[in-house]
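Bear in mind that the values here come from a model prediction, so they are computed numbers and not experimental data. Atom set for the values below is all heavy atoms of this structure, side chains included, hydrogens, waters and symmetry mates excluded.
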Amino acid sequence: MSESVRKSVLEKLANMEGGEADSLLEKEYSNLMEILTNSNEFTKLDHGLDLLSIFVHRMPEKASKDIIDFVDSVGRVDLVVPGGFVSDEYFSIEKIQVNAVGLLSQLRYLAPDTVIDGLFKFCDSEVEKIRVAADKHLGELANIDLNVFTKIGVQPQLMLLGKLETLSQVKIKQQGSTILNILREFLASNISGYRWDYKKVTISSGAIPAGDDIRTLRNRSIQLLKQIYFYDNAVSWQKQVISSLNEATSTYSQHGIDDYSLEMINNDTLVVLRFYRSLLSGADLQIVQKIEHNSYWDFYRSTSGQVSEEALKIEHEISQMEEYKIYRDLVGFEGVFVDWQESLSSSNPDRILNSEERSKRAEKWVASVNNNNFADWEKRVILFCRTESRDLATFPTFYRFMERLANLQPQSTLRLVTGRYEEIEPVLISTLRGLWNSQLRDELRQVMSDWVQKNLNIFSCCRLFRSVAEIDKELFQKITDKSIATNNTAVLTEIVLVIMDRFDQFGAEQLSSNFEATIEQLTALKDTDWASQCGFFAQKGGFPNSLTGSERKVVFTNLLQAREIDYGTEEMLEQVGKADYRGLVNFFGRRLEIEEGLGPRSDYSAIPFKFHNLDKVLSKHPDVLFSKILGWYDGNYSMFIFKGAKLLANSFPTFTDELEVELVKQVEDGNERELEVVLAVLRNYRGETSTYRVCQALVKKLPRNHKLLDGIRIALAQTGMVSGEYGFTKAFEQKAEQMKSWLQSDDLKVREFAQDFIRSLNEDAERERIRADQEIELRKFKYGVDESES
C-alpha cells in the first residue's frame, strides 16, 4: 500500500463510527507507537507522528499519556538523519519533540487534564524550542474558541485556571510570562472561532457572553492576578500584571455587546480600579504612571457612572502626588496631561504635550534647581533614571533637562557625574553634552580621559562626539586606541558612526588611521554588525566618496564575513560600490567562493533573496557583470542557477532591454559554456515574456535535440505563484497561449520548438485539472460541504 493510499484510508477510518473502525485504528496505533518507541530514524519518527495526527482524537486519554512519554524518551535517542542539502535544524530531535508537543495539543479538549499537565511539564524543559511550543499551545487552550464554546463552554479554561491556582509562588514566577498571557486570554472581551469546509474557512467573532461560567472564569482570574501582583517587588513584574488586569476592563464593541456582558465588564472594571487605587500609596512612579494611563482610558470609554466615579477618585489622588507631577513632566511618556472631565468634550482626548510645551515645563523645573536643593534633585534624577524602557528615545524631555541642568549647574553636576555615573547612565550622554558646552569643559575632558584610561564609560564618551560642535581629536584617538586594545565592539561601531557622521572634521590622515584601524579590528573580531547600524549614515554627505582604495578594501574584506547581506549592510555596499564597481562585483564573487567552501549546511548566504537598492549600482555595466559571472562558472549548472546567475538576475529585477541585448550578444557569439550561463540566468525569471527573444536566440543557436533545450523548456514553464485549485491549470494554459506568438517566427527550429512545447503545456494543464478535481473530492470527504451547497 502506497503512503498516499495509507493516509487516505486512515482519514476515512478516522471519520467512521463502529467497532471495526476502532479495531483497525487501534492496530494502526500500536504499529505507529512501536515505531515511535523503537526507531531512531528521523524520517520514520516524523512520518509516524504525521500519520498519528490523522486519528489520534479517537483514543485521546491513552494517546496523550503516550505522547508525553514519547517527548521524554525520544530526547535520549541518537538520531539518524537523511543526507542532503538541508541544515541540521530541519532534521533534529528538537523538531520531532516540538511536533509531538503540537500533536498533544490537538487533544486539549478531549483529554484536558492530561494535556494541561503535559504542557506545563514541557514549559520547564531544558530545550528552548520545546518550552516555546508548550507556551504557544497553552495559549491556544486559554483562548476561548467560539465553536468549542457552543458545545462545552469554558470547562477547559476553568481546568487550566484551576491548575494555575495550585501553583506555588516560585512556580508562578518561573513561568510568569506564560501564566500572565493565559490570564490575559481568560479576560479577553471577544470570542472568535473558525469553521472549515472543503474550499473556505469562515471566521466568526463577537463579544464574550455573560454566562455564569464566564463570570466565574473572569472573577477568579482577576483575584489570582491581584494575588500574584505582590509575588515580586520588581517594577517589570508589576507592570506585566497590571497589563493583564487591564484586559478585564476592555469591551469588544460598545455597539455589539449586550447589556448583561457590558454589566459584567463594568463590574470587573470597578474591581480593577479599586485595586489600582489601593496600590497608589507608596507605589513606584512607573506604576503610578501605568495606573494613571489605564484608569484614564477606562474613564474615557466608560458608559457607567460608577466606573467614571471610581476613575476620578484615582485622578484626584494622583493630582496630590507632587513627585509624580515632576516625573510626568520630565519622563512621563504614558502620562495623562489633560483634565479628565474636560477631555470628554475634546476632539483629541489622548493629547500629548508637544515638544515646545514639554520644554517649557522642563525649563521651569531646571530653573528651580540651586545649590540648596541640588541634593534633592540628585536623588530625584537617580530615581527617574531607573525607569524601564526599551527605547531610550522615550525620554527626550528628560535628556534636555539634564543637558540644561549640567549647563546651568556645572559644578554640582560634574560631582554627580564623577561620583554616581553608573546610576545616571541612561542620561549620561546628554549630561556630558551639557558639561562639554559649559565653562568646565577642561575639567570634563580630564574626567573623560581618566575614564578612557580605566576603560569606563567609553561608549558615552564616544557618542558625545556625534552631538557637539567640535571633536577633541586627541581624546577621540585615545578612545579608538583603548577600544581596539580591549576588543570593545560596541564602541568600535560607535567610532565608525562618529567618523561617518562628522567626517568633515577629520583630516584625511586621521580619517584613514581611525577608520582603517577600527574596521580591521572588527574584522579580526569577526564582527560585521557595524555595517547594519552605519548603513543609513553612508548616505549622508560625501563620506563614501572620501574613502581611499585601501579604505574601501578593508570594508569589503570585513563584510565578506557577514552571514547575510541585510538592509543596512546593503546601504553601505551601495555607497562604497558606487566608487568601486569592480571591487563590488569581486566582493560577491568571493562571497560565493566562501559559501561554496562552507558547504550546504552552513547558514552563510552569499547573495540576498533580492536587493533593495544595490541593483541600481550593479546594473550599470551588464557586460562587465556577465563577464565576471562567466569567469566564476565551474560547470555545475544546477547550482550556478542559484549562485552567480542569481547575482545577475538580482541586479536586474526587471528584465531590461539592456540585459536582453547583452544576453543575445552572448548567445550569438558564445560557445556552450556561455550558453549554459545565459540559460542559468533565464531560470531566475520565471518564464517571463520579456525573456522570449533571448530564449528564441538560444533555440536558433542550438542543434535539434540538444540537452540545453530541456533547460529552455524548464525556464519557460516556470509559473511563479499561483492561487486556487486550478491555479497551475490556468498558468499552463496561459503560457501555451503566450507561446503561440513563436509560431509566427521565420525560423523553422523556433516554430518546431513552440509546437512541441505548446502541446506539452496543454498536457500538463489537463493533468493538473484532473489532480485538482481529485483533491477537491478528497477535501469534500475530509472537511464536508457547506449546507447551502448540498
Side-chain angles (χ1 to χ4, degrees), residues 233 235 279-292 315-337 352-389 392 394-448 451 456-457 460 464 467-468:
N233 292 324
V235 169
L279 300 177
L280 286 174
S281 179
D284 186 282
L285 296 176
Q286 298 176 70
I287 298 300
V288 176
Q289 177 180 238
K290 199 70 178 174
I291 289 174
E292 180 186 48
E315 182 196 27
H316 176 73
E317 290 197 24
I318 290 176
S319 70
Q320 308 302 309
M321 303 172 70
E322 297 301 324
E323 280 302 304
Y324 178 69
K325 291 179 182 178
I326 301 173
Y327 178 83
R328 182 171 54 194
D329 284 346
L330 299 183
V331 180
F333 54 95
E334 281 191 312
V336 180
F337 295 92
I352 306 283
L353 291 183
N354 62 40
S355 58
E356 183 178 348
E357 291 174 306
R358 293 292 292 273
S359 296
K360 287 179 180 178
R361 294 194 182 203
E363 189 63 33
K364 180 193 74 171
W365 291 120
V366 78
S368 71
V369 182
N370 53 52
N371 291 335
N372 295 327
N373 65 10
F374 192 90
D376 294 333
W377 275 97
E378 180 176 314
K379 294 176 184 177
R380 192 172 284 132
V381 165
I382 291 171
L383 178 63
F384 291 1
C385 283
R386 294 174 187 159
T387 299
E388 297 173 354
S389 173
L392 293 178
T394 303
F395 314 122
T397 304
F398 193 25
Y399 298 151
R400 288 193 294 270
F401 170 84
M402 289 306 298
E403 183 177 352
R404 288 286 291 145
L405 179 65
N407 204 256
L408 296 175
Q409 300 288 337
Q411 292 287 357
S412 298
T413 306
L414 185 60
R415 285 196 298 271
L416 170 63
V417 165
T418 54
R420 309 189 71 169
Y421 55 81
E422 291 179 339
E423 296 172 276
I424 65 166
E425 190 275 334
V427 293
L428 183 57
I429 296 169
S430 58
T431 308
L432 293 179
R433 183 165 57 246
L435 288 170
W436 186 266
N437 293 323
S438 74
Q439 66 267 33
L440 297 185
R441 179 183 297 186
D442 291 340
E443 289 87 339
L444 177 62
R445 183 186 288 109
Q446 184 58 53
V447 170
M448 292 171 62
W451 280 349
L456 296 172
N457 302 319
S460 297
L464 173 66
S467 56
V468 294

Pairwise side-chain contact, [X] with [Y], heavy-atom cut-off 4.5 Å (strictly under):
X	Y	answer
E357	F337	no
F395	V427	no
E323	L383	no
I429	L432	no
L405	W377	no
R380	Y327	no

Atom [atom1] of [X] with >12 non-hydrogen neighbours under 6.0 angstrom:
X	atom1	result
E422	CD	no
K364	NZ	yes
N233	CG	no

Of all the heavy-atom pairs spanning [X] and [Y], show the shortest one and how long it is.
X	Y	answer
L416	E378	CD1-CG, 3.5 Å
V331	Q289	O-OE1, 4.4 Å
T431	T413	CG2-CG2, 3.4 Å
E423	C385	O-CB, 3.4 Å
F374	V369	CD1-CG1, 3.7 Å
M402	S430	CB-OG, 3.9 Å

Hey, what do you get for [atom1] ([X]) to [atom2] ([Y]), rounding to the nearest 0.5 Å?
X	Y	atom1	atom2	result
Y324	Q286	OH	CD	10.5 Å
I287	K290	CD1	NZ	9.0 Å
E317	E292	CD	CD	12.5 Å
R361	S359	CZ	OG	11.5 Å

Set of side chain to side chain contact (heavy atoms under 4.5 Å, CB included) partners for R441, sequence neighbours left out: W436, N437, R445, E470
Side chain to side chain contact (heavy atoms under 4.5 Å, CB included) involving E425 - partner list, sequence neighbours excluded: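 Counting only residues at least two positions away or on another chain, E425 forms no side chain to side chain contact (heavy atoms under 4.5 Å, CB included).
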Qualifying residues under salt bridge (charged side-chain N to carboxylate O under 4.0 Å, His left out), relative to E443, sequence neighbours excluded: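 Once residues adjacent in sequence are excluded, E443 has no partner under the salt bridge (charged side-chain N to carboxylate O under 4.0 Å, His left out) criterion.
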Pair F398-T387, side chain to side chain contact (heavy atoms under 4.5 Å, CB included): steps then yes or no: CA-CA 11 Å; F398 193 25; T387 299; over 6 Å; no
Chi angles and distances behind the side chain to side chain contact (heavy atoms under 4.5 Å, CB included) call for Q409, N371: CA-CA 8 Å; Q409 300 288 337; N371 291 335; 3.6 Å; yes
Stepwise side chain to side chain contact (heavy atoms under 4.5 Å, CB included) check, F401 with D329: CA-CA 10 Å; F401 170 84; D329 284 346; over 6 Å; no
Distance-only polar pair, side chains of S412 and R415, donor-acceptor under 3.5 Å: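 Note: S412 and R415 side chains meet the donor-acceptor criterion.
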Check ion pair K325-E322 (N to O, under 4.0 angstrom):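 A salt bridge links K325 with E322.
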Working for side-chain hydrogen bond (donor to acceptor under 3.5 Å, both in side chains), residues S460 and Y421: CA-CA 11 Å; S460 297; Y421 55 81; over 6 Å; no
Criterion side chain to side chain contact (heavy atoms under 4.5 Å, CB included) on I318 and E315, from CA distance to verdict: CA-CA 5 Å; I318 290 176; E315 182 196 27; 5.9 Å; no
